[in-house]
Amino acid sequence: MEYLGPTFIVFAILLVVTIAAFSFEPANPLDAWFKLAERYQTGRRPSAVEFSDQSLLFGVKRVRRLNDFARFDVTIDEFGLWIVYRNNDQDDVPGALKIPGTHVRFRGQHGRRYVFELYAEPPVRMAVRGNLGAALMQQCSA
């Protein structure tokens, strides 16, 4: 009976460490963009830009900016969603994604932002504002 106290303490510590390990999200905000690029990177560009100079947030659990200056051009067409990283001055960071419409799911609204889930392993969340969010939500429900 006297050994149960330390045993419970050890199990509690292991439980806390396990929960922390599974809820950890890497500090690099570009990781979510790279996950999407593994699957959807393209060298092509859309023929016309529908929503220019957009601020998009990406993340696996929490969404955030890729950097303070990241701006995107977005087009929604019959195929799905085109995202072009506009002011990308790094050669190792992919510049354009072409995501099929079937791989974009509307997950809800968080304040003034529309939150979408993009199919990847694990799924990547994307948050957008304004007309782009409303148009993409409309496309997802169609």
Side-chain angles (χ1 to χ4, degrees), residues 3-142:
Y3 297 109
L4 287 178
T7 305
F8 284 130
I9 292 172
V10 168
F11 280 125
I13 292 171
L14 287 174
L15 180 65
V16 168
V17 169
T18 303
I19 290 171
F22 281 112
S23 64
F24 174 74
E25 188 171 348
N28 184 2
L30 281 172
D31 285 345
W33 183 257
F34 285 131
K35 283 211 177 300
L36 290 172
E38 286 175 15
R39 210 175 191 101
Y40 304 115
Q41 181 177 1
T42 182
R44 297 176 37 210
R45 298 288 192 263
S47 57
V49 174
E50 194 173 349
F51 301 97
S52 63
D53 199 34
Q54 296 293 310
S55 175
L56 306 179
L57 307 178
F58 295 95
V60 176
K61 294 183 181 173
R62 288 181 297 134
V63 294
R64 55 187 159 200
R65 294 177 191 263
L66 299 185
N67 64 44
D68 291 337
F69 308 105
R71 305 304 281 177
F72 300 88
D73 288 338
V74 179
T75 300
I76 302 169
D77 63 11
E78 65 280 347
F79 175 79
L81 178 67
W82 293 79
I83 303 174
V84 178
Y85 190 174
R86 281 184 46 170
N87 51 344
N88 180 11
D89 57 352
Q90 302 171 354
D91 292 334
D92 59 335
V93 178
L97 305 178
K98 185 179 178 184
I99 304 170
T102 57
H103 293 192
V104 179
R105 299 275 188 258
F106 176 67
R107 289 296 171 219
Q109 267 187 283
H110 188 324
R112 296 186 314 184
R113 296 193 187 277
Y114 296 84
V115 179
F116 298 90
E117 197 169 74
L118 308 174
Y119 180 75
E121 284 298 325
V124 172
R125 291 179 183 232
M126 177 181 73
V128 300
R129 280 185 158 173
N131 293 337
L132 170 59
L136 190 55
M137 182 180 71
Q138 184 77 15
Q139 180 75 12
C140 289
S141 63

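- Applying the side chain to side chain contact (heavy atoms under 4.5 Å, CB included) criterion to Ala135, with sequence neighbours excluded, gives Phe51, Ile76.
- With sequence neighbours excluded, the residues that form a side chain to side chain contact (heavy atoms under 4.5 Å, CB included) with His103 are Tyr40, Ile99, Pro100, Tyr119.
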Inset, instruction - Would you sort out whether Leu136 and Phe116 count as a side-chain contact (heavy atoms from CB on, under 4.5 Å), showing the intermediate values? - result: CA-CA 9 Å; Leu136 190 55; Phe116 298 90; 3.7 Å; yes

Inset, instruction - Please lay out, stage by stage, how Arg39 and Val124 fare under the test side-chain contact (heavy atoms from CB on, under 4.5 Å). - result: CA-CA 12 Å; Arg39 210 175 191 101; Val124 172; over 6 Å; no

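- Expressed to the nearest 0.5 Å, how far CG of Leu132 lies from OG1 of Thr75 amounts to 9.5 Å.
- Ala70 meets the side chain to side chain contact (heavy atoms under 4.5 Å, CB included) test with Leu66, Asn67, Phe72, Tyr85; sequence neighbours excluded.
- With rounding to the nearest 0.5 angstrom, the CG atom of Leu97 is 7.5 Å from the CD atom of Gln41.
- Here Leu57 contributes atom CG and Arg64 contributes atom CZ; the two are 10.5 Å apart, rounded to the nearest 0.5 Å.
- Listed here is the closest heavy atom pair of Ala120 and Leu36: CB-CD2, 4.3 Å.
- Identified under the side chain to side chain donor-acceptor pair (under 3.5 Å) test for residues 124-134, with sequence neighbours left out: none.
- In this structure, Gln138 CD and Phe106 CZ are separated by 11.0 Å, a value rounded to the nearest 0.5 Å.
- When all heavy atoms of Pro122 and Val60 are compared, the closest pair comes out as CG-CG1, 3.9 Å.
- Pairing each heavy atom of Val63 with each of Ala127, the nearest pair is CG2-CB, 3.9 Å.
- A distance of 5.0 Å separates CD1 of Ile83 from CE of Met126, quoted to the nearest 0.5 Å.
- Nearest approach of Pro46 to Trp82, heavy atoms of both residues: CD-CE3, 3.5 Å.
- Within the structure, salt bridge (Lys or Arg N to Asp or Glu O under 4.0 Å) contacts touching residues 44-54 (residues at least two apart or in different chains) are Asp53-Arg71, Asp53-Arg86.
- In terms of heavy-atom proximity, Asp77 sits nearest to Gln139 at O-NE2, 3.6 Å.
- Each salt bridge (Lys or Arg N to Asp or Glu O under 4.0 Å) pair with one or both residues in residues 106-118, not counting sequence neighbours, appears once here: Arg107-Glu117.
- A distance of 10.5 Å separates CG of Leu30 from CZ of Phe58, quoted to the nearest 0.5 Å.
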